[in-house]
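Accompanying notes for the structure given below.
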Amino acid sequence: MATDADEAPLLADEPLRPGSCSRELELREFRDRYVFRSLDGGGAFAVARSDGSLRPLSAEEAAAGSDCKVSKIYGVAGMIRLLAGSYVLVITSRKDAGSYGASTVYHANSMKFLCCNEAIKHLTSEEKRDEAYFMSLLRIAETTCGLYYSYDRDLTLNLQRASKLAAGRVHKPLWKQADPRFVWNRNLLEELIETKLDEFITPLIQGSFQTEQFTLKDRLVRITLFSRRCNRRLGTRMWRRGANLEGATANFVETEQLVEYEGLTSSFIQVRGSIPLLWEQIVDLSYKPRPSIIEHEEMTKVVERHFHDLSQRYGDTMVIDLTDKAVQQRQMTVCPIFFLLQQGDEGNLSNAFAAEMQNFPDIRYVHFDFHHICGGGNFDNLQVLYDEIEEAIQKQGYFLMNSKGEILLDQSGVVRSNCIDCLDRTNVTQSFLARKSLDSQLRRMGALSSAESISQSDSINDKFKKLWVEHGDELSLEYAGSYALKGDLVRYGRQTLPGLIKDGMSALSRYYLNNFHDGVRQDALDLISGYYTVSKSSSSPFQIIGFESAPVSSLVHLLCLSVVPLIYRWLSQL
């Protein structure tokens with residue numbers, strides 16, 4: 001992949017296309033202000049370092065002054081007001097991640113908040129303490145992984161949705177084209193929008209973007225896997241579960257598999273999301289805290305709101321619930337730590353979900369106990385699930401259009417998969433369904449015969465599996481902070497010894513992060529997403545408890561010392 005060092009410099013006089021935003025900017029840091037000047041022939045604006053006030057600048061004003069530090073940045077991702085002033089988020093480095101259609105997609109490699117908080121000297125001691133904590137949360141937000149963007153294309157809409165909208169929409173600013181559900185920094189853009197700085201507004205999408213290409217019949221085939229994470233219930237693994245009263249669920253992700261061949265482009269959509277009930281999983285130092293259903297008179301309405309939203313956006317919805325149906329002792333096939341530390345019970349939650357779905361006979365609900373049926377790490381047992389839903393999958397189909405933009409096929413519905421985390425089991429299952437769809441897509445395009453499959457080519461099949469393994473890892477890092485488990489099932493169709501060891505280490509990492517780190521990370525997400533709003537009139541919402549760091553560290557060391565020998569003893573028996 002190319003980095004900025006590989007890119008040709010942009011011409012300063014190259015005009016911005018309608019609907020585009022500035023690709024490169026000059027940042028000039030003066031004592032009293034920051035000046036942002038487009039290098040694409042666009043405009044400029046200034047931010048006062050005293051209070052964060054914004055002001056558009058003329059070309060002459062932007063060029064005035066020389067006593068400043070000059071650097072290059074690659075986008076303005078928004079700003080946020082805290083107690084002492086404002087903080088401007090900028091993209092300081094990027095990487096070419098591939099292309100979506102004719103547009104380049106970039107990964108935000110690094111970001112930085114610029115401080116406009118001179119009023120901090122006027123704060124009370126308590127306000128200064130709170131501001132310091134808020135600033136520490138911004139430092140966490142700077143390290144957010146999996147953020148992608150384009151300068152000239154709205155990435156929030158899948159191909160089918162975008163193709164149905166009026167052509168004139170592409171001339172609007174990118175933030176106006178975007179589906180606000182999938183704009184990670186939507187709350188941070190408000191002040192830039194109010195000041196009408198459209199060309200500087202860079203919508204970011206959190207998720208995953210991978211692309212691979214290969215040849216079939218001496219013709220190039222390109223596969224792109226693009227996932228978009230919803231911001232309506234943004235959060236970390238144990239701290240955001242289930243749905244809110246509006247029906248938005250935690251870890252809701254739309255995944256699009258694009259295939260391009262000989263002027264044809266097809267798109268297959270799947271979605272995942274936490275079980276759409278009101279439930280929680282309180283962190284209690286156990287590996288898997290027991291899920292707790294929240295009794296509420298609106299429960300059925302919450303489920304109804306969730307699926308109404310899905311039907312409006314995707315059409316007919318089929319639910320695949322991969323959770324354990326009942327507590328039962330199973331052979332240790334994934335990693336012993338899951339069984340040594342597990343105290344949770346998915347059965348009650350799964351039963352409650354199934355009971356609620358009986359209120360919606362028009363929505364097909366399929367339960368598939370992944371751990372039981374695919375016990376022993378047998379990925380191929382997912383064929384049992386596919387045999388049950390094949391007719392419905394084929395009826396939903398996929399989207400297909402030709403080089404002229406003419407629509408040949410529509411996808412009429414979507415499969416919604418979930419386990420508890422909507423990570424590991426969900427990713428394995430979605431990859432299986434995506435491979436089945438890919439075969440259908442390539443057959444319809446003429447790249448495969450009716451008897452052929454990509455699984456017959458080791459090199460092509462390996463590239464497909466690599467896409468889905470990397471995709472699963474990236475989504476898992478965003479929600480759980482660790483790499484995905486069960487990656488071997490996607491890559492090899494079975495578990496391997498190195499994979500078991502990797503899963504064990506990832507499980508330990510999840511345990512540590514969920515119990516001792518993700519609470520602060522959740523605070524950072526709540527702050528930047530607007531879930532928590534800072535104001536001087538509000539009471540201090542957080543406590544900084546420094547003395548907890550020592551016992552927490554000791555507890556983690558004790559845990560590792562006690563668990564690692566158990567893992568070693570289990571591995572020695574293989």
Side-chain angles (χ1 to χ4, degrees), residues 158 181 227-230 232-233 241-244 246-257 268-279 291 293 299-326 346-374 381-398 411-434 436-437 475:
N158 59 59
R181 293 183 308 154
S227 285
R228 307 165 176 93
R229 180 182 298 281
C230 181
R232 290 182 173 175
R233 192 157 168 74
R241 292 298 209 186
N244 59 21
E246 288 72 43
T249 61
N251 201 22
F252 184 88
V253 180
E254 174 190 280
T255 297
E256 179 176 25
Q257 179 175 276
F268 175 61
I269 298 292
Q270 299 184 75
V271 297
R272 67 177 73 185
S274 191
I275 292 176
L277 306 179
L278 302 174
W279 64 281
I293 298 172
M299 182 73 82
T300 300
K301 285 289 186 182
V302 167
V303 179
E304 180 181 14
R305 289 168 191 143
H306 177 75
F307 284 105
H308 176 74
D309 184 67
L310 289 187
S311 66
Q312 292 294 304
R313 297 179 186 279
Y314 302 104
D316 293 336
T317 303
M318 178 166 58
V319 178
I320 298 179
D321 181 7
L322 302 166
T323 55
D324 301 345
K325 201 63 177 176
E346 298 180 7
N348 292 336
L349 187 60
S350 178
N351 291 338
F353 187 23
E356 283 292 341
M357 292 309 298
Q358 292 180 4
N359 297 316
F360 308 96
D362 294 337
I363 301 173
R364 185 174 178 187
Y365 170 84
V366 177
H367 182 266
F368 183 83
D369 191 332
F370 186 100
H371 283 149
H372 179 63
I373 300 174
C374 295
N381 280 357
L382 279 168
Q383 185 65 45
V384 175
L385 170 64
Y386 189 76
D387 290 342
E388 183 177 352
I389 64 174
E390 180 177 9
E391 184 177 346
I393 288 278
Q394 291 180 350
K395 181 180 179 182
Q396 288 183 354
Y398 49 83
Q411 182 172 340
S412 62
V414 72
V415 173
R416 183 203 191 278
S417 301
N418 72 266
C419 46
I420 289 294
D421 298 330
C422 303
L423 293 176
D424 312 316
R425 286 171 280 181
T426 297
N427 201 63
V428 173
T429 303
Q430 286 195 338
S431 71
F432 189 91
L433 300 181
K436 295 288 189 179
S437 179
L475 293 183

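All values derive from a computational prediction rather than experimental measurement. FYI, side chains are in, hydrogens and waters are out, and symmetry mates aren't considered; it's all heavy atoms of this structure.
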If you take all heavy atoms of [X] and [Y], which pair is closest and at what distance?
| X | Y | value |
| --- | --- | --- |
| G242 | S274 | N-OG, 2.8 Å |
| T255 | S227 | OG1-OG, 2.6 Å |
| I275 | C419 | CG1-O, 4.1 Å |
| Q411 | G413 | NE2-O, 2.9 Å |
| V414 | I269 | CG2-O, 3.6 Å |
| V366 | L385 | CG1-CD1, 4.0 Å |

Using side-chain heavy atoms (C-beta onward) and a distance below 4.5 Å, is [X] in contact with [Y]?
| X | Y | answer |
| --- | --- | --- |
| Y314 | N158 | yes |
| V319 | F307 | yes |
| Q257 | Y398 | no |
| L310 | F252 | yes |
| N418 | D321 | yes |
| C374 | L382 | yes |
| K325 | H367 | yes |

May I ask you to check whether over 12 heavy atoms, not counting those of N351, lie within 6.0 Å of atom CG? yes
Could you measure the distance from the [atom1] atom of [X] to the [atom2] atom of [Y]? Nearest 0.5 Å is fine.
| X | Y | atom1 | atom2 | answer |
| --- | --- | --- | --- | --- |
| T323 | F370 | OG1 | CZ | 12.5 Å |
| H371 | D324 | NE2 | CG | 5.5 Å |
| S437 | Q430 | OG | CD | 12.0 Å |
| D421 | T426 | CG | OG1 | 8.5 Å |
| L433 | S417 | CG | OG | 6.0 Å |
| M299 | L278 | CE | CG | 4.5 Å |

Please report the C-alpha distance between R272 and N427 in whole Å, then the side-chain angles of each, then the deciding distance to 0.1 Å, and finally whether the side-chain hydrogen bond (donor to acceptor under 3.5 Å, both in side chains) criterion is met. CA-CA 9 Å; R272 67 177 73 185; N427 201 63; 3.1 Å; yes
Can you confirm if the aromatic rings of Y365 and F360 lie within a centre distance of less than 6.0 Å? no
Donor-acceptor contact below 3.5 Å, side chain [X] vs main chain [Y]:
| X | Y | value |
| --- | --- | --- |
| R232 | G247 | no |
| N381 | I373 | yes |
| R364 | I320 | no |
| T249 | P276 | no |
| E346 | I420 | no |
| R425 | D369 | no |

Any chance the side chains of R229 and N251 put a donor and an acceptor closer than 3.5 Å? yes
Does the side chain of Q383 come under 3.5 Å of the side chain of K436 through a donor N or O and an acceptor N or O? yes
Give me the one residue out of H306, Q312, R313 that meets side chain to side chain donor-acceptor pair (under 3.5 Å) with D309. R313
For the side chain to side chain donor-acceptor pair (under 3.5 Å) test, which of E390, E391, Q396 pairs with Q394? E390
Could you work out, with salt bridge (charged side-chain N to carboxylate O under 4.0 Å, His left out) as the rule, every residue matching [X], not counting sequence neighbours?
| X | answer |
| --- | --- |
| E304 | K301 |
| R228 | E254, E256 |
| E356 | none |

